[in-house]
Structure formats: structure tokens, C-alpha cells
There are 2 protein chains.
Amino acid sequence: RQDAAEDEEDTSLEDPWQDDEYFGSYGTLRLHLEMLSDRSRTETYRQVIVSNSASLRNKVVMDLGCGTGIISLFCAQLAQPSVVYAVEASSMAEHTRQLVKQNGCEEVVTVLQGRAEELELPEQADILVSEWMGNCLLFEFMVESVLLARDRWLRDGGVMWPSSAALTLVPCQADSYYSEKMAFWERPYGLDFTPLQPLAQQEFFTKPKFSHLIDPKDCLSAPCDVICLNMYTVQVRDLEEMEGEFKFCVVKPGVFHGFTAWFTVQFESLEAGGATVELDTGPNSDPTHWKQTLFMLDNPIHVYGGDSIRGNIVLHRNPVWRRHMTVTLHWNINSSSDNCQVGTKSFPMWR
Amino acid sequence: RQDAAEDEEDTSLEDPWQDDEYFGSYGTLRLHLEMLSDRSRTETYRQVIVSNSASLRNKVVMDLGCGTGIISLFCAQLAQPSVVYAVEASSMAEHTRQLVKQNGCEEVVTVLQGRAEELELPEQADILVSEWMGNCLLFEFMVESVLLARDRWLRDGGVMWPSSAALTLVPCQADSYYSEKMAFWERPYGLDFTPLQPLAQQEFFTKPKFSHLIDPKDCLSAPCDVICLNMYTVQVRDLEEMEGEFKFCVVKPGVFHGFTAWFTVQFESLEAGGATVELDTGPNSDPTHWKQTLFMLDNPIHVYGGDSIRGNIVLHRNPVWRRHMTVTLHWNINSSSDNCQVGTKSFPMWR
Ligand SMILES: [Ca+2]
Ligand SMILES: [Ca+2]
């Protein structure tokens, strides 16, 4: 249920970072199990360690937001770093310590419970590894903690994993979601329930749909990377407003129901010329626990092969609720037929 | 997320009926869409109206907790009752009034917004129809409102739809759920995460799993009706503690992971000798939005064809949180081999 997050509440009484709620949810197993059960995600991090195992020898690694410590344990078991600092703010840290011991890694892995902002390490790190990505890449803004840790604890010339990230967008059909939530009211059981459609639009299409799995055949064009982050140079202040442009060429006739977004992240090799590892959460890779994010237009638009859809996307971080943002999409359809349509819609995620 | 419901809070500050939360959730479309999209449920109520349409002529119908008014609209369109009082406590009632008008039924259907307890009708009803069933039949105890309305507004000799209800139980395997939540920790990615198993048991097996869909082949024996409600005679005070006994004969070797529960309700005909209509939410019928409810034992037990599993189930209504209950299962396995095992486990739903 997203209900709780949707309520507007008296901000003076609440932490705008919602840390009790945020770290509280990572103090139980549910989210950790979901992440660990995501084989694409977890095997990618494992692959990064495996393919860099020689270069990791004697390195100092920091694993920020380590959760159950899986990445740190991969480092200790598959490579020979001098030390891994496994940092976790939630109460899961106690269990992580136990897992490190159970797997005989306590000589290498040091678990530190605390927030990145308050972190004290005995030395600087050669490598900062973290799995900080959220829906639409930035949601929940754990990336801010990673950037603070980078600026304070990564040595000059140290390596960031991921090293870069991109948000990708595609205009799409979403026929079954549209039918289920909107067309449904047209004639259910022979009755006219259309008076509920404005309510349905408000309730189901105002916010993006997390956990969408787009079928590649519902993409109306090739996808486009709209925002790219260089993890070495991006600054916390840059996160306040991120903008990207797109131009899509529609490749087949269809119904333009909305945009689907996902992200990729890249892990550069520690060796010059070594292969980059990529985690792709898009529709042409195995589904991950992030799935994709669907932004529904208020009204579907027919488009045709050869039409272009240009526009931009702005991710505006909520100035009060620091883990939230608003995604604004602006589009301009240039059709082979004479009609040219423009539109704008802003989607709170979640406030 | 069930998180909010799981927190123990200061009871003095909160309504033990949690009516703001309960009726609030029925003020949005999400739950109504889920119920309407459940064709088994909705078509059963429609079938009840259709097969009784002649007898409904000139009758006074009360539809308690009418939601979007679908049952009332079926009555008005498929039969000729003199009036249908459509009673809804949540703010959905405003929209229901609009739907009644849109479908030209305002001469027959009168929408009344209010709680059953405060209900004032101009006359007594011949038929009280309601869709009050929750998980494990009783969860959320909307049935109490139905019984109060019955005692006050159903005329002597009036008809209750449903007329009776039963809770059904079966001992079962739940291999994939067990693997996913418990066996998972044994060797994920070559690591030993078993120290998390006690946590997993606490987090995933303490409460029943709603939304379980049991495969009929995972039933270890024939199911057994453990609690039956006669909707004419059951009293509100009877709901405080309901007990049922079972004896299952295991029909094949397997792993006894827990019990699965579901319910059936019956709608008697208005005509003497007319056919009863049944809604069956079990594994041998089309899945409904209730699905089934899974109660996991702490440890799986091997059982064999010919073993018997006897015991009882007690549904104990929470004395404070009036929409909640605790389900206690007691079992005694009598095995063809010499071992005889007994066990007891109580499952809060949700407090
Ligand atoms: Ca994450
Ligand atoms: Ca119900």
C-alpha cells in the first residue's frame, strides 16, 4: 500500500528524510530478500568482483548500504582485498556481522553501523561500491549518501562502482493497464460506470506505476538515454533538478499510452582496457526487482510510423521530502498527418 | 504493506474499529475495482438476482455495504423490486448515487450513506443482501454490521443473502513459498545465510499469508468444513470465539507445510425448492480476489498416505482491535509409523 506515503501530513512533525520509515524498512528481511532474490542484480555485482578479482588484491573497499553484506562477502570470498568496510545504517547491521562471521570473513570484512553522513573510517578507500539505485534511478535519493561518502572517503583516483548510470525512456503502449484501470468502467456487467473515470484517472494515472514490466513489442520506438550520471563528477546539488531531452521516431502505428522508464548502470574495470560490466533493468534484459516505471498520459493518442515525439523530462527533487521527486514530461508529436499535439504532465513520486 | 497494521500502538489514541482507515480505504477506487474485477464473485451475485428475478418482484431489498452499488443495480435491472436500499458508509456513496442515476435506476435504488449501526430505513426489508466476507471468512468483521442490520431491519421471515457460510481447511504442501522465504537462506550465491532463518520464520510465518493460491495437487487430503455460519441464527456474541474440529486422512506422501483456508457462501432460493447458488473461493473453483489463506507451521513435517491429522481451529476475535482476530490451530498427527506428533500455533490477523 502506498496510501501512507500519499497522505499529506503536517511536515513540522516529521523528518523530511523519513529516516525512521526508510531505515526501518531495511531492518526487516522483506526488502533484503527481494534484492537477494533478484539474480540479475546480485549476479552482476558478483560478476564485477569476479572479473576484477586480481586487481582487488590488497585494496581497501567500502560497501555503502551493504544490507546483508552480500557484496562485501563476494569481495572477501572471490578476491583478496586488504579490508572491506561494510556500512549499513539500519538495524540489519547486527545480523550482517553475524553473517560475516558465519562465512569466515571477519578478518577481511568490518561491519560499521551508521549513516554515511556520520561515517568514520580509519583510512580512505580505493573502491566505493554500492547498490543505491531506486525506481527511475534516483527515487529515495540514496545516491546522495554515496556522493557524500565519495567526497569524504574515496581516495584521489579511487574507483566508483557503479561508475556511471543512465535513465532511459521510451514512448509505449500500455493497453492492458489502460483497459484494467480505465476502459473497465465503460460497460462492466452491462452497466455504465463512466462517471467513475475521472476518479480512476486521478487514482491510477496521477503517479507513475512502479513494477511495470513492459513487453518489448509495446515500445513504439527505440529507447533513448535521457539522463546520464558520471559518478565521479556529479554533485549533490546537481540532483535538485535534472533535465534530459528526447526525440523518438515512431516505428509502427499504435496507441501512445505513456512513457516507460528504466535505468542502466556501468561498472568500469580496475584494469586499463578491461571490460565494463553493465546492469540493464530494461525490457530487453531479464526482469529485475526494480522492473520498469510507467508514466500514463491522461488520454491515449494514436501515433503512426514516421511520427516523431520530441520533448524533455525534468526530475525535480522535492524541496521538503528529500527522498521524493516530481517527474515532469513534456512532449510534442509531429505527425505525418497534419495534427501536431503537445502535452505536459507532472508525476509526483510520491509527494 | 501490512507494516502499519503490525505496529503496536497506544490504543488509547486510536479507534479500536479503525473506521477511518477501514472506510477510508473504501472511499477510493482501488478496492472496488478489485472486487468488481473479480468475475467469480460479481457474477455469483448477479446469478443470485437472475435466478430469483420473478420472486424479487415488489420486494424490499437492502444491500448493505453496497460499494459502487453493483448488486443494487443488478436488482433494479434484472428484477422488479419495489425498492432497493443501497447502504454505504464510505464516501463512495456519493459516486454510487451518480451511478444509479447514470443507469436510470433512481426510481428503484435509494442510496443511503451511513453506518449500519445508525441506519434508519422507512420500512423493513424482505431481503438483506451483502458481500461482507473477508479473508478466512470473518476478517475485518463486517459480518457484525450485517447481523445488526438483520436484527433491526429484516422482517420476520425475510431472506439473508448469503444464507449460510462455511470456513474450509486443508493440510497442504507449500514448497515454493517455503523455498522462497526459508530454504533460500541455506546457500544463496554459495554463502551460508542460515543465521537469518529465525528472523525469516518470525517475519514470514508468524502471520498467515493472504493471497495464497493453492494448487489442488498440494492438498494432502480432502478439505473439511470446520466452521459453519447460519446467517439467520448466528449472533454477534458468537463471533467472539468460534471453534471447529477437523480430521484429515492423508491421501499421499508429502511435506506438511501448513494449512490452507478458504470459504464458501450459499444463497438460498426465494422459492421453495429453488436451487441454491454457491460462491466457492477454494482451489477447485476459479480464483477470486480473496484467493486463499496459508498458515505455515514453523517446521515442515513429512506425512504419509494413511496418516491422520486431527485437531481443531479457534478463531478468537481481538478484544481490542475489533476487526482483527487470532487463529489458533492445534493438530495431532497419527502416523502409520510409530511417531505421533502434536503441535499448536497461533496466528494473529493482524493484531
Ligand atoms: Ca536499492
Ligand atoms: Ca469483502
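Lettering of chains follows the sequences in order, A, B, ..., and the numbering in each one begins at 1.
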Rounded at 0.5 Å granularity, tell me how far CZ in B:Arg323 sits from CZ in B:Arg351.
12.5 Å
Considering only heavy atoms, which portion of A:Phe193 lies under 4.5 Å from any heavy atom of chain B: side chain, backbone, both, or neither?
both
Just how far is it from atom CD1 of A:Ile49 to atom OG1 of A:Thr44, taken to the nearest 0.5 Å?
11.5 Å
Using a cut-off of under 4.5 Å on heavy-atom pairs, state which of B:His32, B:Gln102, B:Gln98 scores highest against chain A.
B:Gln102
Can you list the steps and then say if B:Glu43 with B:Arg46 is a salt bridge (charged side-chain N to carboxylate O under 4.0 Å, His left out)?
CA-CA 5 Å; B:Glu43 292 285 11; B:Arg46 183 189 166 99; 3.7 Å; yes
Taking side chain as everything from C-beta outward and backbone as N, CA, C, O, which of these in A:Glu180 sits under 4.5 Å from a heavy atom of chain B? Side chain, backbone, both or neither.
backbone
Contact origin within A:Asp192 toward chain B - heavy atom pairs under 4.5 Å:
both
Option that, when pairs with chain B are counted at under 4.5 Å, heavy atom only, ranks first among A:Gly190, A:Cys105, A:Ser37
A:Ser37
In terms of relative ring orientation, are B:Phe205 and B:Tyr178 parallel, tilted or perpendicular, with 30° and 60° separating the classes?
parallel
Could you tell me which of A:Thr68, A:Thr194, A:Asn103 has the largest number of non-hydrogen atom pairs under 4.5 Å with chain B?
A:Asn103
Part of A:Lys181 within contact of chain B (heavy atom distance under 4.5 Å):
both
Contact class of A:Arg39 relative to chain B, heavy atoms under 4.5 angstrom
both
Measure across A:Leu294 and A:Ala174 and return the closest heavy-atom pair with its distance rounded to 0.1 Å.
CD2-CB, 3.9 Å
B:Glu186 side chain reached by B:Gln197 side chain, heavy atoms, under 4.5 Å
yes
Heavy-atom pairs under 4.5 Å with chain B - which of A:Thr42, A:Ile70, A:Leu73 has more of them than the others?
A:Thr42
Interface moiety of B:Phe184 toward chain A, non-hydrogen atoms closer than 4.5 Å:
side chain
Between B:Asn318 and B:His324, is there a side-chain donor-acceptor contact under 3.5 Å, judged purely by atom types and distance?
no
